Amino acid sequence: MAIQNYTQRLRNLQTRKFDSELNESLLSKSFSSRDIPDNVKYLIESMRPIDKKYNEKTLEAALRVQKHLENGFNLHFNRAYKTQGSVRTGTNIKVHSDFDLLVIIDRYHYPQKSDPNNTYTYSDPNADIVELRKQSVKILKEIYDEVDDSGEKSISIFNKSLNRKVDIVFCFWYHSEKFKETQDEHYKGIYLFKFTTKTRILDYPFATIANVNHKGDSTIDGSRRGIRLIKTLKADSDSKIYLSSFQLTTIVHSIENELVKYSSGEELKIAQAISRELQHLITDSVYRKSVKSPNGIEKPLEKDETVPELLKLKTDLDSLIEDSAKEILNSNVIKRAILTY
């Protein structure tokens, strides 16, 4: 097993969980306890959530952008606004997490199947979304000092007063047959628009958010803790791990609920369940290629290129498990300290 520098990793964690604006740290009071060794502390603290009040500031930053846009637009179509990102699922590991504001053309939609009742000819959708982005850039540059309009699918602003970054993503509605049948937004999709190539990319963010949150609630936050743990390991890894947040979320989402259900002091159990899942994904290519994302549609781990990245993640996780297990299993003092962490 690799030797981990837990002192440095704890410093990294402190940085991610420090709000410089309020001069406040989100770390548990137990973080300074001398009864808990650094490796165990890193395991437990990595899994703890970001406090709700800090995530609400991120949501507020997106809401401010929405208000500025609505006050400034001069367009022939209405807009719908939605948000996405790890803040919406409680799986973010940083106080200042990036966040997406979806700005969606709300006058028409693309259907999954051709629909004679959905014939829109008033304007060109591609021209509409280009104009939507153009006006957004102009409005936001008049308000924010930091506006980055170089993205292929989005632009971003930095709100200095809230110390938050918001990505503004421009979209069309996509109505699946299931949404048409049920009118349940869970089954409603969006088309992201790649401005450089004028191509559309289908996504189901609302299903992802709903399903990740459902599993998180069903496991008493256990699956969320698991996602935060492996996101933290990726962030602190000595060798870069090329797995996206979406792929990391998929790994934990694929584990049976009972195996990641949380109760106080069971962080090690969840870590071990993730290690076993990673082993299954690495050694069984048929299984790996069948694993679906939380939205039930995509297969984010099917490419063979993911295997060495999964192996790097598992190696790091197993080192933490081995180091922590030695401490926890051999000390009643540590066991008691974990229960009140």
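Computed from a predicted structure; not experimentally measured.
- More than 12 heavy atoms of other residues, nucleotides or ligands lie within 6.0 Å of NZ in K269, so this atom counts as buried by the packing criterion.
- Proximity of a side-chain donor or acceptor of R79 to a complementary backbone N or O of I105 within less than 3.5 Å is not detected.
- Of all non-hydrogen atoms in I220 and K261, the two that sit nearest each other are CD1-CG, 3.9 Å.
- Taking all atoms of both residues into account, the shortest heavy-atom contact from G189 to W173 is O-CE3, 3.6 Å.
- Taking NZ of K41 as the start and CD of E327 as the end, the distance is 11.5 Å to the nearest 0.5 Å.
- A continuous path of ILVMFWY side-chain contacts below 4.5 Å connects I157 to L69, so both sit in one hydrophobic cluster.
- Side chains of Q272 and L317 form no contact here, defined as non-hydrogen atoms less than 4.5 Å apart.
- A salt bridge links E45 with R48: the closest approach of a Lys/Arg side-chain nitrogen to an acidic carboxylate oxygen falls below 4.0 angstrom.
- A salt bridge links R228 with D221; the closest basic N to acidic carboxylate O contact falls under 4.0 Å.
- At least one test fails for R164 against the ring of F99: distance under 6.0 Å to the centre or angle within 45° of the axis.
- A donor-acceptor pair is defined here as one N or O able to donate and one able to accept, closer than 3.5 Å; no such pair exists between the side chain of R225 and the backbone of E267.
- One distance of note links OG of S237 with CD1 of I230; it measures 12.5 Å at 0.5 Å rounding.
- For the salt bridge (charged side-chain N to carboxylate O under 4.0 Å, His left out) test, residues two or more places apart in sequence or in another chain that qualify with E142 are K138.
- Rounded to the nearest 0.5 angstrom, N163 CG and K160 NZ are separated by 11.0 Å.
- I328 CD1 to L268 CG: the interatomic distance, rounded to the nearest 0.5 Å, is 5.0 Å.
- In this model, a donor atom of one side chain and an acceptor atom of the other lie less than 3.5 Å apart for Y6 and D323.
- Between the CZ atom in R288 and the CG atom in L281 there is a gap of 8.0 Å [rounded to 0.5 Å].
- Rounding to the nearest 0.5 Å places OG1 of T306 at 5.5 Å from CG of L301.
- N330 places a side-chain N or O within donor-acceptor distance of the main-chain N or O of K326, the cut-off being under 3.5 Å.
- Figure legend: R133 and F170 shown without cation-pi pairing, the cationic atom not lying both under 6.0 angstrom from the six-membered ring centre and within 45 degrees of its axis.
- Using a 4.0 Å cut-off between charged side-chain N and carboxylate O, K289 and D304 make a salt bridge.
- Within the cation-pi definition used here (under 6.0 Å to the ring centroid, within 45° of the axis), K240 qualifies as a partner of Y242.
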The test is salt bridge (charged side-chain N to carboxylate O under 4.0 Å, His left out); show your working for D35 and K335 and say whether it passes. CA-CA 10 Å; D35 291 336; K335 289 178 185 175; over 6 Å; no

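- Salt bridge status for E309 with K312: present, with a side-chain N to carboxylate O gap under 4.0 Å.
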List the steps and the verdict of side-chain hydrogen bond (donor to acceptor under 3.5 Å, both in side chains) for Y108 and D128. CA-CA 11 Å; Y108 47 83; D128 286 347; 2.7 Å; yes

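- Aromatic ring centres of F172 and Y174 lie farther apart than the 6.0 Å criterion allows.
- Checking each of R16, R11, R9 against D236 for a salt bridge (charged side-chain N to carboxylate O under 4.0 Å, His left out) leaves exactly one that passes, namely R16.
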